[in-house]
Chemist: 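Got a structure for you, written out below as structure tokens; questions coming shortly.
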Amino acid sequence: MAPRILLMESPLNAMEIARELAPPGFDIVTAAIGTPAFRAALPGIDYIVGFGDPTMDDAFYRSAPKLKLLQLVSAGYDRCDVEAARRAGVPICNNGGANAVAVAEHALLLMLAVSRQLAWQHSNVAAGRWRGNNIATVKLFELHGRTLGIIGLGTIGKKVARLAAAFGMQVIYYDTVRLTEDQADALDVRFRLKEEVLRSADLVSLHVPLTPATKHLIGAPELALMKPTAYLINTCRGPVVDEVALYAALAEGRIAGAGLDVFDQEPPPSDNRLFALDNVILTPHLAGPTWDNQYTRFRNAFDNVQRVARGEPPLWIIPELRPTFATAGTNLV
């Protein structure tokens with residue numbers, strides 16, 4: 001009997017591309033999580049390709065006794081029950097940087113938008129106010145010559161650093177995993193302590209996974225360290241930032257502005273106070289999914305499925321599970 005892959009249906013997945021790239025020799029089942037079809041398929045499924053979900057608990061893994069791999073098409077895995085997967089002996093792998101270019105570009109998009117007050121410019125033109133009514137009080141800034149502070153220099157953070165260099169920015173970074181001097185020279189970045197990054201940067205861009213250690217990594221004390229002329233950019237996960245503290249800092253003018261693709265609660269409630277501020281640019285957690293990387297996401301996913309089917313260790317095991325599942329020499333980048 002052919003091994004079976006369960007493709008999780010989602011509005012963020014182009015299922016026609018998934019079917020186009022699906023490997024031969026596998027039975028493909030498609031269903032949305034939580035549906036009767038999804039639950040009915042679990043007992044015979046060998047591989048799942050899709051997104052993590054809080055319902056994937058111990059009972060879920062017991063209902064899928066043949067499952068050998070939970071392959072995510074996202075970089076983030078904060079919705080996964082990591083310990084349940086460990087107890088079930090099922091590795092969780094993320095998307096191998098498939099959306100890294102898209103997220104890096106989106107981070108630069110937000111930097112440009114806040115620095116040049118793009119939303120203000122657009123709303124004025126659309127409302128018939130050619131340059132607004134207060135042009136003398138509005139300051140527009142270039143990225144060139146500014147200092148970018150990157151917190152989290154993983155796959156996405158490195159791509160942001162390269163794009164920032166092309167804009168003529170100086171890049172400093174903080175990460176718990178430091179580059180060697182040769183690596184830092186090659187990327188043209190310099191390590192600083194987190195507090196130094198916050199104090200020194202004109203723009204701070206966040207690129208860390210959401211874990212218990214990174215929840216509210218940026219709160220009131222961290223925001224107080226930032227320059228009043230600085231901008232915060234968040235394209236990773238909303239709870240990495242204390243949203244209440246961020247609102248206060250923005251409303252009181254203690255930082256210049258923010259570009260946010262993610263929120264504490266998604267979708268955010270209609271009365272979210274950030275909506276009323278004119279010094280934020282907001283996008284709906286769409287930094288990652290692009291038409292281009294639909295191919296990359298599913299190509300990486302199916303490659304990993306086939307590796308496991310051949311008896312090889314998978315790539316891109318999430319850090320918390322690497323000691324459990326990794327073997328010497330496995331590529332986990």
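This chain uses plain numbering: 1 for the first residue, then up along the sequence.
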Chemist: Taking atom CG of Leu232 and atom CG of Leu110, what is their separation to the nearest 0.5 Å?
Modeler: 10.5 Å

Chemist: Applying side chain to side chain contact (heavy atoms under 4.5 Å, CB included) to His216 and Val241, what does each step give before you reach the verdict?
Modeler: CA-CA 5 Å; His216 288 184; Val241 177; over 6 Å; no

Chemist: Of the non-hydrogen atoms in Asn99 and Gly288, which two are nearest, and what is the gap between them?
Modeler: CB-O, 3.7 Å

Chemist: Supply the atom-to-atom distance Leu277 CG to Leu282 CG, rounded to the nearest 0.5 angstrom.
Modeler: 8.5 Å

Chemist: Hydrophobic clustering (ILVMFWY, side-chain heavy atoms < 4.5 Å, transitive) - are Met226 and Leu193 grouped together?
Modeler: yes

Chemist: List the atom of Ile92, the atom of Ala85, and the distance in Å for their closest heavy-atom pair.
Modeler: CD1-CB, 3.5 Å

Chemist: Against the six-membered ring of Tyr247, is Arg273 placed for a cation-pi contact (under 6.0 Å from the centre, within 45° of the normal)?
Modeler: yes

Chemist: Quick one, Ile150 with Val189, criterion side chain to side chain contact (heavy atoms under 4.5 Å, CB included). Give me CA distance, side-chain angles, the key distance, then yes/no.
Modeler: CA-CA 10 Å; Ile150 297 175; Val189 299; 5.8 Å; no

Chemist: Let me know which of Thr214, Asp78, Thr211 forms a side-chain hydrogen bond (donor to acceptor under 3.5 Å, both in side chains) with Arg237.
Modeler: Asp78

Chemist: What I want to find out is whether Arg190 reaches Asp185 closely enough, with some N-O distance under 4.0 Å, to be called a salt bridge.
Modeler: yes

Chemist: Tell me, please, which residues at least two apart from Tyr173 pass ring-ring contact (aromatic ring centres under 6.0 Å, His included).
Modeler: Phe191

Chemist: Would you please name every residue forming a salt bridge (Lys or Arg N to Asp or Glu O under 4.0 Å) with Arg146, sequence neighbours left out?
Modeler: none

Chemist: Can you find a side-chain donor-acceptor pair between Asn272 and Glu243 that sits under 3.5 Å?
Modeler: yes

Chemist: When you measure from the side chain of Thr35 to the backbone of Ala31, do you find a donor-acceptor pair of N or O atoms at a distance under 3.5 Å?
Modeler: no

Chemist: Using every non-hydrogen atom in the two residues, find where Arg79 and Gly52 come nearest and quote the distance to one decimal.
Modeler: NE-O, 3.4 Å

Chemist: Can you measure from CD1 (Ile48) to CD (Gln71) and round to the nearest 0.5 angstrom?
Modeler: 11.5 Å

Chemist: Give the C-alpha distance, both sets of side-chain angles, the deciding distance and a yes or no for side chain to side chain contact (heavy atoms under 4.5 Å, CB included) between Leu223 and Leu246.
Modeler: CA-CA 7 Å; Leu223 292 164; Leu246 176 61; 4.2 Å; yes

Chemist: Run the salt bridge (Lys or Arg N to Asp or Glu O under 4.0 Å) test against Asp27 and tell me which residues pass, sequence neighbours left out.
Modeler: none

Chemist: Evaluate whether atom NZ of Lys215 has more than 12 neighbouring non-hydrogen atoms of other residues, nucleotides or ligands under 6.0 angstrom away.
Modeler: no

Chemist: Between Arg86 (side chain only) and Thr324 (backbone N and O only), is there a donor and an acceptor less than 3.5 Å apart?
Modeler: no

Chemist: Enter the distance from Ile233:CD1 to His106:NE2 here, rounded to the nearest 0.5 Å.
Modeler: 9.5 Å

Chemist: Can you establish whether the number of heavy atoms outside Gln183 located under 6.0 Å from its atom CD is more than 12?
Modeler: yes

Chemist: Are Val160 and Val208 connected into the same hydrophobic cluster when the rule is that any two of I, L, V, M, F, W, Y join if their side-chain heavy atoms are below 4.5 Å apart?
Modeler: yes

Chemist: Could you tell me whether Arg4 and Asp46 have a side-chain N and a carboxylate O separated by less than 4.0 Å?
Modeler: no

Chemist: I'd like to know if the side chain of Asn300 and the backbone of Asn95 have a donor-acceptor N/O pair within less than 3.5 Å.
Modeler: yes

Chemist: Determine yes or no for a side-chain-to-main-chain donor-acceptor pair under 3.5 angstrom, with Glu266 supplying the side chain and His285 the backbone.
Modeler: no

Chemist: So, taking the atom named CD in Glu105 and the one named CG in Leu108, what distance separates them when rounded to the nearest 0.5 Å?
Modeler: 8.5 Å

Chemist: Between Asp57 and Ala84 (side chain of the first, backbone of the second, donor and acceptor by atom type, cut-off under 3.5 Å), is there such a pair?
Modeler: no

Chemist: Between Asp303 and Arg299, is there a salt bridge with N-O shorter than 4.0 Å?
Modeler: no

Chemist: Within this structure, what is the CZ-CZ distance for the pair Phe38 and Phe60, rounded to the nearest 0.5 Å?
Modeler: 4.5 Å

Chemist: Measure from the side-chain N and O atoms of Gln117 to the backbone N and O of Val114, and report whether any donor-acceptor pair falls under 3.5 Å.
Modeler: no

Chemist: Kindly indicate, with the supporting measurements, whether the criterion salt bridge (Lys or Arg N to Asp or Glu O under 4.0 Å) is fulfilled by Glu16 and Arg19.
Modeler: CA-CA 5 Å; Glu16 65 272 27; Arg19 294 185 184 96; 5.6 Å; no

Chemist: How about Thr283 and Asp261: does a side-chain donor come under 3.5 Å of a side-chain acceptor?
Modeler: yes

Chemist: Do Ile317 and Phe51 belong to the same hydrophobic cluster, where Ile, Leu, Val, Met, Phe, Trp and Tyr are linked whenever their side-chain heavy atoms lie under 4.5 Å apart, directly or via other members?
Modeler: no

Chemist: What's the verdict on side chain to side chain contact (heavy atoms under 4.5 Å, CB included) for Tyr231 and Met111, showing C-alpha distance, side-chain angles and the deciding distance?
Modeler: CA-CA 8 Å; Tyr231 295 93; Met111 292 178 207; over 6 Å; no

Chemist: Mind checking salt bridge (Lys or Arg N to Asp or Glu O under 4.0 Å) for Asp188 and listing every partner two or more places apart, or none if nothing turns up?
Modeler: none

Chemist: Mind checking who shares a hydrophobic cluster with Met1, ILVMFWY linked at side-chain heavy-atom distances under 4.5 Å?
Modeler: none

Chemist: Return the minimal non-hydrogen interatomic distance between Ala14 and Trp291, and the atom names on each side.
Modeler: CB-CZ3, 3.8 Å

Chemist: Donor-acceptor check, side chain of Glu196 to backbone of Arg192, threshold 3.5 angstrom: yes or no?
Modeler: no

Chemist: Show the numbers, then the answer: is there a side-chain hydrogen bond (donor to acceptor under 3.5 Å, both in side chains) between Asp182 and Thr180?
Modeler: CA-CA 5 Å; Asp182 286 347; Thr180 66; 5.4 Å; no

Chemist: Got a sec, which hydrophobics cluster with Val125, joining ILVMFWY side chains under 4.5 Å apart, including via others?
Modeler: Trp130

Chemist: Looking only at atom types and distance, does a side-chain atom of Asn94 sit under 3.5 Å from a main-chain N or O of Gly76, one as donor and one as acceptor?
Modeler: no

Chemist: Where is the tightest heavy-atom contact between Leu12 and Gln294, given as atom of each residue plus distance?
Modeler: O-NE2, 2.8 Å

Chemist: Answer yes if the side chains of Glu320 and Tyr77 hold a donor-acceptor pair under 3.5 Å, and no otherwise.
Modeler: yes

Chemist: According to a hydrophobic-cluster definition based on side-chain heavy atoms being under 4.5 Å apart (Ile, Leu, Val, Met, Phe, Trp, Tyr only), do Leu286 and Tyr295 belong together?
Modeler: yes

Chemist: Do the non-hydrogen side-chain atoms of Leu72 and Trp316 ever get within less than 4.5 Å of each other?
Modeler: no

Chemist: Would you say Val82 and Phe325 are hydrophobically clustered, going by side-chain heavy atoms of ILVMFWY under 4.5 Å?
Modeler: yes

Chemist: Decide yes or no on side-chain hydrogen bond (donor to acceptor under 3.5 Å, both in side chains) for Asn293 and Thr296, but give the supporting numbers first.
Modeler: CA-CA 5 Å; Asn293 68 34; Thr296 311; over 6 Å; no

Chemist: Whether the side chain of Lys227 engages the backbone of Ser200 through a donor-acceptor N/O pair (distance < 3.5 Å, no angle test) should be reported.
Modeler: yes

Chemist: Got Pro91 and Leu70 here, is their nearest side-chain heavy-atom distance under 4.5 Å?
Modeler: no

Chemist: Closest approach of Asp175 and Leu153, non-hydrogen atoms and distance?
Modeler: OD2-N, 2.6 Å

